[in-house]
Protein chains: 2
Amino acid sequence: MTRRQPAPPEQSQRRIEEMTEALRQAGQRITPQRLAVLKILAGSSEHPSVERIYEQVVREFPTTSLATVYKTLTLLKSLDQVLELGFAHWGSRYDGKTPHPHPHAVCLICGAIADPELPHVEEMAQEMARRSGYRIDRHQLDFFGLCPDCRKKA
Amino acid sequence: MTRRQPAPPEQSQRRIEEMTEALRQAGQRITPQRLAVLKILAGSSEHPSVERIYEQVVREFPTTSLATVYKTLTLLKSLDQVLELGFAHWGSRYDGKTPHPHPHAVCLICGAIADPELPHVEEMAQEMARRSGYRIDRHQLDFFGLCPDCRKKA
DNA sequence: TATTAATTAAGAATCATTTTCCTTTTGATG
DNA sequence: CATCAAAAGGAAAATGATTCTTAATTAATA
């Protein structure tokens, strides 16, 4: 018997469990729709948009509404289980694999998003706190340009 | 005779000249409405929103439309004469004093924005370019938290 | 398995921003 | 100065992402 849905890699599996656990601990229900959203978040490194997540959920649950996806994302955000990359002009993108704030590179042509580890991020946040007098709780560090593919083509 | 409008401080004056010059060199007209927007940008350190800019322009030119403010900002952006801080959920804020990309601290309660100079920003951009393979053209580095005033009150 | 509070679906509403389309202004030229 | 074409402005409609509303459905558990 062949598996129709490939089993999620264990790292993704672990994230799914973390997220469901976080929902449970917050007294939230694990509905099929939520589970679907959450699997997509745990399984994709593309930093999907709401629309993209919605497309995939609808395949499994055709009656799903966009609002449900938004609500689930809002819920997961409030539990720090997904990182929202909020952009002013292109709509938000979501990172469910690494939900704590970290820097991203965004391609201005194709919208690809990369997030290599960068050193000295926390130092910079602390330096900002010190110099501004603000208490810093989170950050969003976005670097915009062209991804390797689009550089070739451009 | 008392001046009704206080003369702009010379730093602000210099920026106004830079901006008008940039418009001229781009073959763009310096209309009264544009000049009004541009003065506000050059003169305010509060990183005003579109609405805020509009309010002030309307005082001088009561028939001004919001669209004109938007159009002027788009124009100035395209000439790199204003920096747009694009936020997903609160609308954009604008920096006309320091139009090149630089980090900001944003208060989650009152919306105050500070931008102290931070070292190592360029290094970080280069490091991101190196590790991601992207060509980095610009960035938006936002640190969110509470400003000194709101810390006291909270 | 029945109960009930939570959740969903669908569409309407909202908000920032952009576009459209028509009028006014501008600046060059005669 | 008058004329004219192009640029810019104004008002309102359109857009697009997101949030809200309401009634119907469903998950968790008694």
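Convention: sequence-line order gives letters A, B, ...; per-chain numbering from 1.
Within 4.0 Å of A/Pro32, counting heavy atoms only, lie sugar-phosphate atoms of the nucleic acid but no base atom.
In this structure, B/Leu83 shares a hydrophobic cluster with B/Leu85, B/Phe87, B/Trp90, B/Val106, B/Leu108, B/Ile113, B/Phe144, the cluster being traced through Ile, Leu, Val, Met, Phe, Trp and Tyr side chains under 4.5 angstrom apart. In the hydrophobic clustering, where aliphatic and aromatic side chains (Ile, Leu, Val, Met, Phe, Trp, Tyr) are joined below 4.5 Å either directly or transitively, A/Leu146 groups with A/Ile109.
Mapping A/Gln33 and A/Glu84 onto DNA chain D by nearest heavy atom places A/Glu84 at the nucleotide closer to the 5' end. For A/Arg34 and B/Thr74, each mapped to the nucleotide of DNA chain C holding its nearest heavy atom, the one lying further toward the 5' end belongs to A/Arg34.
Spacing between atom CD of A/Glu55 and atom P of D/dA17 amounts to 12 Å, rounded to whole angstrom units. In this structure, CZ of B/Arg24 is placed 16 Å from C1' of D/dA7, rounded to the nearest angstrom. Rounded to a whole Å, the OH atom of A/Tyr54 is 14 Å from the C1' atom of D/dT18. Atom CD in A/Glu51 sits about 12 Å away from atom C1' in D/dT18, given to the nearest Å. Following rounding to the nearest Å, A/Lys71 (NZ) and D/dA17 (P) show an atom-to-atom distance of 19 Å. Separating the CG atom of B/Leu66 from the P atom of D/dA14 is a distance of 18 Å, rounded to the nearest angstrom. In this entry the distance linking CZ of A/Arg52 with P of D/dG16 reads 19 Å, nearest Å.
For DNA chain C, the neighbouring residues in residues 87-103 of chain B, judged by any heavy atom under 4.0 Å, are B/Gly91, B/Ser92. Contacts with DNA chain D (heavy atom under 4.0 Å) in residues 37-48 of chain B: none are found.
Here B/Gln28 reaches the OP1 or OP2 of D/dA8: one of its side-chain N or O atoms lies under 4.0 Å away. In terms of phosphate contacts, A/Thr31 brings no side-chain nitrogen or oxygen within less than 4.0 Å of OP1 or OP2 of D/dA27.
With contacts defined as side-chain heavy-atom distances shorter than 4.5 Å, the pair B/Leu73/B/Leu41 qualifies. B/Lys152 has its side chain out of reach of B/Cys147: every pair of non-hydrogen atoms, C-beta onward, lies at least 4.5 Å apart. At least one side-chain heavy atom of A/Glu122 sits less than 4.5 Å from a side-chain heavy atom of A/His139.
How far CD1 of A/Ile40 is from OG1 of A/Thr72: 10.5 Å, rounded to the nearest 0.5 Å. The distance from atom CG of B/Leu23 to atom CD1 of B/Ile30, rounded to the nearest 0.5 Å, is 4.5 Å. Atoms CZ and SG, from A/Arg151 and A/Cys107 in turn, are 10.5 Å apart once rounded to the nearest 0.5 Å.
Among residue pairs with one or both ends in residues 83-109 of chain A, those qualifying as salt bridge (Lys or Arg N to Asp or Glu O under 4.0 Å) are A/Lys77-A/Glu84; sequence neighbours excluded.
The residues B/Glu46 and B/Arg52 are annotated as salt-bridged, a charged nitrogen and a carboxylate oxygen being separated by less than 4.0 angstrom.
Scanning DNA chain C 5' to 3' for nucleotides with an atom closer than 4.0 angstrom to a non-hydrogen atom of chain A gives a first and last hit of C/dA5 to C/dT18.
For A/His47 and A/His104, the distance between ring centers is under 6.0 angstrom.
Although no hydrogens or angles enter the test, the distance criterion places a donor-acceptor pair under 3.5 Å between the side chain of A/Arg15 and the main chain of A/Gly96.
Residue A/Arg29 places its side chain closer to D/dA27 than to any other of D/dG10, D/dA7, D/dA27.
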